[in-house]
Enquirer: 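Could you have a look at this structure, given as C-alpha cells, before my questions?
Residue numbers start from 1 in every chain, and the chains themselves are labelled A, B, ... in the order their sequence lines are given, proteins ahead of strands.
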Number of protein chains: 2
Amino acid sequence: MNDRCEVRISDVPVLCAACQARQRGVCAALDAEQLSTLSRSSTKKRLDMGSELIGDATTVEGYANILSGVVKLVKGLPDGREQIVGLQFAPDFLGRPFQAESTVTAQAATNVVLCSFPRRSVDALINQSPQLKQGLLQQALRELDGARDWMLTLGRKNALEKVSSYLLLIASSVESAAKPQGQAVEFDLPMTRQEIADFLGLTIETVSRQLTRLRIDGVIRIVQARHIVVDNPARLKICSGA
Amino acid sequence: MNDRCEVRISDVPVLCAACQARQRGVCAALDAEQLSTLSRSSTKKRLDMGSELIGDATTVEGYANILSGVVKLVKGLPDGREQIVGLQFAPDFLGRPFQAESTVTAQAATNVVLCSFPRRSVDALINQSPQLKQGLLQQALRELDGARDWMLTLGRKNALEKVSSYLLLIASSVESAAKPQGQAVEFDLPMTRQEIADFLGLTIETVSRQLTRLRIDGVIRIVQARHIVVDNPARLKICSGA
DNA sequence: GCCTAAAATTGATCTGGATCAAATCGCCGG
DNA sequence: CCGGCGATTTGATCCAGATCAATTTTAGGC
C-alpha cells in the first residue's frame, strides 16, 4: 500500500489522512494543529463485500475517502423491495455534513478499502475552510445531476435502454480520459445481476436477457458473467436512448 | 403585492430583492454596498404557465426566488419522452452556483412570480458569506435526498403507490406544520395529468385510473379534476407503500 | 348561455417485463 | 477430478400498465 494516497473532494486535493493526512493547494491555509488532529484520528478500514458502512465499531463513524472498491447507496421499502439510489467509486468522498436524517444505507458492493475520519474533526475543518465547503457543495451538485439523470433512466427508458445506460456508466467510470472515443472498452462489472436490477428498477432475468441481446447483436462480448468488452461503444450509446 | 416578501435559502433568511432587497440574521454581516447592488439589479418577473426560465430576455438570468407558483425541472430524451426530475415550490431558491452544465430545463408549471438576480451579484455574495454557502449546501443536500426518495418511487413502486406518493408529496407542500396528522387535507393540484404522468413515469390514462380507484375506495374525493380532498391520509400513506 | 378546444375519464386491447420454473455455469473445498 | 451451492441464463406463461379509441368534462371567449 502506498504511504500517501491522493484522493479528491471536488477540486480540493486532500491527502488521505490514514496515509499521513495533510492538505495542500487551496486548503494549505489550514491550521497545522487541526491537520495533525485529523491525521491522528483517521483510520484505514477494509470492508468485505456486503457489509454496511454505518454506526457499528468496524465501520465508518463520520466521513471517509474510498481508496478502492465500489459503495452502493440503497433505499428499501418495508416489504423488501430495494432500489440502489447511488454508486460511489474509487476516489469519492463519503458522508454528509450537518446531520444525516436521510434513510439511505451505504453498503460495500465489492470489497472496499477506505480511510475514515471522525465526524467531529472534519466538521471543524469544513467550518474553517470555505474552499472545502465549496468543494462539498460542488460534489453535492454533481451528485444531484447524477441522480436526476438516473431519474430519467428509471422513469422513461425501457429495459434495453436501461441496461445500455448502465454499461456506459460503468465504462465511463473505468475509461481513462486520454483514451479516444469509440474504442472498445473492457472492464469487470462491480455488481451482481441482482444489484444491477436493483439499480435499474428491473428483475435479474430481464437484465440477463438484455445483456444476451446486446451480445447477440454484436454490441458487447460477455467474456465471463462479470467481465464485459464493449466492442461498439457508439452502438451501445444508440441503444441507451442517446 | 407586499412590498417585502420574505423567502428563505435554507435557514438563511433573505428578503426578496425586488421588494427592497436586503439580508438579515446570519447574513447581516454582508457589505451594505453589495446588498444595495443586489437590490438595484434584481427584478420581479411574472411567467405564464409553460414558459421556460432560461436564457431569453423575459426570463431568469442567474438566480431567482420563487414568490408564488410551481416550477418543474424537466429532462427529455431525443424522441420526445420526458421526465420531471424535480419540483420547486413557493419560497424556494432557484439557480445553481458554479456553471450549469446540467441538461435540465426549468419551466413554470403554473403561473409563477419570481424575483430574479443577476448571476454576477449573487456569486459575489456567495463568496463573501460562508453562511450563504452553507445554506446552499444544505439546500443541495435536501434536494439530493428528495431526488433519491423519488428514485425509489420511480424504480420500485407500482402505479397506485406512485400516484399515492405524489398526492402525499403535494399535500405535504401545502399542509401547515401546525395541522395535526390524520386530518383531511384539501388542495389544488399544481399540475396537469400529463405532468403528473411525466413526474411518475406513467401515462395520463394510468394516472387517471389510479385517481378514480382512490376515489372509489373512499381515500380521496375529486371535487374537480384539479381539486382534491384527501379524506383519509392514513389510508393514502398505506397505499403509497409506506 | 353557447360554442369550441383542451383536459380528463372511461373502455377495449396489446405487450414488455414480471413471474414461475428449470437448466447451466463457475468456483471452492475436499 | 468430483460434488455442491450460488449466480446466471434460458424458457414458458401471465398481467400491470401502455396503447388506441371514444366519450365526457371543463374553461374561456363571445
Enquirer: Rounded off to whole Å, could you give me the CE-to-P distance for the M191(A) and dA7(D) pair?
Expert: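 Answer to the nearest Å: 14 Å.
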Enquirer: Output the single nucleotide from dG17(C), dG17(D), dA8(C) whose closest atom is nearest the side chain of T206(A).
Expert: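 So the nucleotide nearest the side chain must be dG17(C).
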Enquirer: Do the ring planes of F199(A) and Y166(A) sit parallel (below 30°), tilted (30 to 60°) or perpendicular (above 60°)?
Expert: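 F199(A) vs Y166(A) ring planes: perpendicular.
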Enquirer: Give the rounded distance in Å between these two atoms: CG of L189(B) and P of dT26(D).
Expert: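 About 14 Å, once rounded to whole Å.
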Enquirer: Establish, with yes or no, whether the OP1 or OP2 oxygen of dA18(C) is under 4.0 angstrom from a side-chain nitrogen or oxygen of T203(A).
Expert: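 Checking T203(A) against dA18(C): at least one side-chain N or O falls below 4.0 Å of OP1 or OP2.
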Enquirer: Can you give me every donor-acceptor pair (side chain of residues 235-242 of chain B, partner residue at least two apart or in another chain, under 3.5 Å) with its distance?
Expert:
residue : atom : partner : partner atom : Å
R235(B) : NH2  : D217(B) : O            : 2.8
S240(B) : OG   : K237(B) : O            : 2.6

Enquirer: Near DNA chain C, counting only heavy atoms under 4.0 Å, which residues of residues 207-232 of chain A show up?
Expert: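 When residues 207-232 of chain A is checked for heavy atoms under 4.0 Å from DNA chain C, the hits, listed by number, are R209(A), Q224(A).
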Enquirer: For D198(A), is there any backbone N or O sitting under 3.5 Å from a side-chain donor or acceptor partner on Q83(A)?
Expert: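 The answer is yes, because a donor-acceptor pair under 3.5 Å joins these two groups.
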Enquirer: Please give me every residue in residues 195-202 of chain B whose heavy atoms get under 4.0 Å of an atom in DNA chain D, ordered by residue number.
Expert: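 The answer is G201(B), L202(B).
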Enquirer: Could you tell me how far apart N158(B) (CG) and dA18(D) (P) are, to the nearest whole angstrom?
Expert: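 Atom-to-atom, N158(B) to dA18(D), this comes out as 11 Å.
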Enquirer: Begin from the C-alpha positions of E195(B) and K72(B) and carry the test salt bridge (Lys or Arg N to Asp or Glu O under 4.0 Å) through to its verdict.
Expert: CA-CA 9 Å; E195(B) 287 172 317; K72(B) 56 178 177 170; 2.7 Å; yes
Enquirer: The test is side chain to side chain contact (heavy atoms under 4.5 Å, CB included); show your working for K75(B) and R156(A) and say whether it passes.
Expert: CA-CA 10 Å; K75(B) 272 187 163 271; R156(A) 288 305 186 199; over 6 Å; no
Enquirer: Could you give the CD-to-P distance, from E205(A) to dT24(C), as a whole number of Å?
Expert: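 These atoms are roughly 17 Å apart.
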Enquirer: Short question: side chain of R215(A), backbone of I220(A) - any donor-acceptor pair under 3.5 Å?
Expert: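 Between the backbone of I220(A) and the side chain of R215(A) there is no qualifying donor-acceptor contact (under 3.5 Å).
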Enquirer: Mind listing the closest non-hydrogen atom pair of G76(A) and L152(B) along with its distance?
Expert: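 Taking every non-hydrogen atom into account, O-CD2, 4.0 Å.
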Enquirer: Rounding to a whole Å, what distance do you find between K157(B):NZ and dA16(D):P?
Expert: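 So the two atoms are 19 Å apart, to the nearest Å.
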Enquirer: Mind calculating the distance between NZ (K162(A)) and P (dG17(C)) to the nearest angstrom?
Expert: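 The distance from NZ of K162(A) to P of dG17(C) comes to 8 Å, rounded to the nearest Å.
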Enquirer: Send over the distance from I204(B) CD1 to dT9(C) P, rounded to a whole Å.
Expert: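 My rounded result for the distance is 10 Å.
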Enquirer: Is the side chain of T110(A) donor-acceptor paired with the backbone N or O of V70(A) at a distance under 3.5 Å, no angle test?
Expert: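 Judged by distance alone, yes, a pair lies under 3.5 Å.
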Enquirer: To the nearest angstrom, how far is Q194(A) atom CD from dT9(D) atom P?
Expert: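 The distance from CD of Q194(A) to P of dT9(D) comes to 13 Å, rounded to the nearest Å.
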Enquirer: Which heavy atom of I204(B) sits nearest to which heavy atom of R193(B), and what is that distance?
Expert: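 Shortest heavy-atom contact: CG2-CB, 3.3 Å.
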